[in-house]
Amino acid sequence: MSSYECIITAVHGDGPRKTALITLNRPKALNALSDPLFDELGEALLAFDADDSIGCIVLTGSERAFAAGADIPTLAQHDFQSAVRTDMITRNWEHILRVKKPVIAAVAGFALGGGCELAMMCDFIIAADTAKFGQPEVKLGVTPGAGGTQRLPRAVGKAKAMDLLLTARMMDATEAERSGLVSRVVPADKLLEETLAAAEAINGFSAPALQLIKELVNRSFESGLKEGVTSERRVFHAVFGTDDQREGMDAFLNKRPPVFKHGKR
Ligand code: DAK
């Protein structure tokens with residue numbers, strides 16, 4: 001357990017590589033994303049990323065809300081000049097994008113505005129059947145500020161993204177799965193169990209292979225197909241220089257489970 005104020009951290013699993021669970025914890029404000037929360041979240045994410053005993057990170061909220069967006073009272077204090085001068089809430093929002101290990105969002109309840117954007121910065125989203133996604137910033141007279149107009153259309157297509165962004169409506173878990181925003185929908189009371197089981201499966205695989213796969217998929221969102229496929233080919237060639245490639249293939253040929261070294265000698 002941790003000594004943070006806006007998040008709770010814990011470690012799950014009994015294998016050689018474990019799962020870090022980070023729970024957003026501002027229940028009175030539906031986990032609204034405040035500056036201190038992002039400071040703590042960034043610190044915890046980077047610490048778990050650097051910890052060799054951790055294979056995978058799960059980010060979750062409460063039954064009622066993953067996060068209902070950026071903290072509106074904080075946003076309301078800004079004018080244009082202070083937003084520019086202080087680089088408003090940019091400083092600590094994107095530490096999650098520096099994490100090399102897989103990060104899974106386990107979403108129940110509201111994932112709105114910055115909450116939806118934070119979930120989309122994770123590698124994939126597992127949703128409870130109670131989850132509700134939306135980018136309602138337009139209701140506040142503003143635009144999304146952490147990727148909502150960029151990652152949402154890439155995930156769900158232009159039509160659905162425009163619908164959500166321009167009408168500020170919420171999308172339930174079924175629609176979110178149908179449109180490709182979430183990888184699977186599970187009953188709310190099984191959300192953590194299912195997500196930790198997915199993390200456990202990931203923990204068994206080679207850490208360098210996982211890191212490279214994550215990097216390549218993310219590159220496909222940030223570059224053209226030709227460049228992405230060229231990078232994939234080069235990385236594919238390179239993994240033949242790893243111990244884990246030899247181990248994985250030898251284990252298959254000898255009909256035994258692999259014992260990966262995760263890049264260690
Ligand atoms: N911030 C602060 N407090 C919030 C909050 C929020 N985003 N959302 C909810 N709360 C608080 C409510 O004020 C209420 O507090 P009390 O009145 O009890 O003190 C408590 O949580 C419970 O909320 P409700 O009473 O409203 O609960 P309901 O079930 O009736 O409604 C709701 C739930 C989620 C539909 C509703 O609370 C709501 O519409 N919340 C606001 C959702 C929203 O507009 N979110 C988008 C915020 S704008 C950037 C990066 C990101 C962003 C901006 C810049 N940069 C990197 C530059 C992101 C912006 C946003 O997310």
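If you read the sequence from its start, that first residue is 1, and numbering goes on from there. Just so you know, these numbers use all the heavy atoms, side chains as well, and skip hydrogens, waters and symmetry mates. We count ligands from 1, going down the list as the structure has it; atoms in each ligand are counted the same way. The structure presented is a predicted model; accordingly, all values stated were derived computationally and were not measured.
Contact check for Ile202 versus Ile104: side-chain heavy atoms found under the 4.5 Å cut-off. Taking 4.5 Å as the limit, some side-chain heavy atom of Val186 sits within range of a side-chain heavy atom of Ile126.
Listed by number with element, the atoms of ligand 1 under 4.0 angstrom from any heavy atom of Met88 are 55 (N), 57 (C). Taking a cut-off of under 4.0 Å to the non-hydrogen atoms of Leu140, the atoms of ligand 1 that pass are 44 (O), 47 (C), 48 (S). Within ligand 1, counting atoms from 1 as listed, the ones closer than 4.0 Å to a heavy atom of Asp71 are 1 (N), 2 (C). With ligand atoms numbered from 1 in the order given, ligand 1 contributes 51 (C), 58 (C) to contacts under 4.0 Å with heavy atoms of Glu117. Applying the 4.0 Å criterion to heavy atoms of Pro136 picks out, from ligand 1, the atoms 43 (C), 44 (O), 45 (N).
A donor-acceptor contact shorter than 3.5 Å is absent between the side chain of Glu247 and the backbone of Pro258. The closest donor-acceptor contact from the side chain of Arg154 to the backbone of Gln150 lies under 3.5 Å. Asp123 places a side-chain N or O within donor-acceptor distance of the main-chain N or O of Val103, the cut-off being under 3.5 Å.
Taking Ala20 as the reference, Phe48, Ile54, Ile57 meet the side chain to side chain contact (heavy atoms under 4.5 Å, CB included) condition, with sequence neighbours excluded.
The pair Asp52-Arg17 does not meet the salt-bridge criterion, since no charged nitrogen lies less than 4.0 angstrom from a carboxylate oxygen. Under a 4.0 Å N-O distance rule, the pair Asp49/Lys100 qualifies as a salt bridge. Salt bridge status for Glu175 with Lys160: present, with a side-chain N to carboxylate O gap under 4.0 Å. A salt bridge is defined here as a Lys NZ or Arg NE, NH1 or NH2 lying under 4.0 Å from an Asp or Glu carboxylate O, and Asp163 with Arg169 meets this definition. A salt bridge does not link Lys18 with Asp51: none of the charged nitrogens is closer than 4.0 Å to a carboxylate oxygen.
Protein heavy atoms all stay at least 4.0 Å away from atom 16 (P) of ligand 1. Checking atom 25 (O) of ligand 1 against the protein gives no heavy-atom contact under 4.0 Å. Shown here, atom 36 (C) of ligand 1 is out of close reach of the protein: none of its heavy atoms lies under 4.0 Å off. Of the protein's heavy atoms, none falls inside 4.0 Å of atom 13 (O) of ligand 1. Closer than 4.0 Å to atom 19 (O) of ligand 1 lies none of the heavy atoms of the protein. Remark: atom 44 (O) of ligand 1 lies closer than 4.0 Å to at least one protein heavy atom. Remark: atom 29 (O) of ligand 1 lies closer than 4.0 Å to at least one protein heavy atom. Using a 4.0 Å threshold on non-hydrogen atoms, atom 8 (N) of ligand 1 counts as touching the protein.
Counting heavy atoms closer than 4.0 Å to ligand 1, residue Ala65 contributes nothing at all. Under 4.0 angstrom from ligand 1, the non-hydrogen atoms of Arg64 all belong to its side chain.
Counting all heavy atoms, side chain and backbone alike, Thr60 lies closest to Ala106 at OG1-O, 2.8 Å.
Annotation: atom 42 (C) of ligand 1 to nearest protein heavy atom, Ala68 O, 3.3 Å. Leu30 CD1, 3.6 Å is the protein heavy atom nearest to atom 23 (O) of ligand 1. Closest protein heavy atom to atom 53 (C) of ligand 1: Ile89 CD1, 3.7 Å. Atom 10 (N) of ligand 1 has its closest protein heavy atom at Ala29 O, 3.7 Å. Nearest protein heavy-atom contact of atom 55 (N) of ligand 1 is Gly145 O, 3.4 Å. Of the protein's heavy atoms, Ala70 CB, 3.5 Å lies nearest to atom 59 (C) of ligand 1. Residue, atom and distance of the protein heavy atom nearest to atom 50 (C) of ligand 1 are Ala146 CB, 3.4 Å.
Under the 3.5 Å distance criterion, with hydrogens and angles disregarded, a donor-acceptor pair is assigned to the side chains of Asn92 and Asp35.
Considering backbone and side-chain N/O of Ile72, one or more are found under 3.5 Å from N/O of ligand 1. Between Leu112 and ligand 1, no N or O atom pair is found at a separation short of 3.5 Å. Considering backbone and side-chain atoms together, Gly115 places no N or O closer than 3.5 Å to any N or O of ligand 1.
Linking Ile, Leu, Val, Met, Phe, Trp and Tyr whenever their side-chain heavy atoms come within less than 4.5 Å leaves Leu181 and Phe124 in two separate clusters.
The closest approach between any non-hydrogen atom of Lys28 and ligand 1 is below 4.0 Å.
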Using residues 217-227 as the side-chain source, report each donor-acceptor pair under 3.5 Å to any protein atom, sequence neighbours left out, with the distance given to one decimal.
unit_1, atom_1, unit_2, atom_2, d
Asn218, ND2, Lys214, O, 3.3
Arg219, NH1, Ser231, OG, 2.8
Ser220, OG, Val217, O, 2.6
Ser223, OG, Arg219, O, 2.9

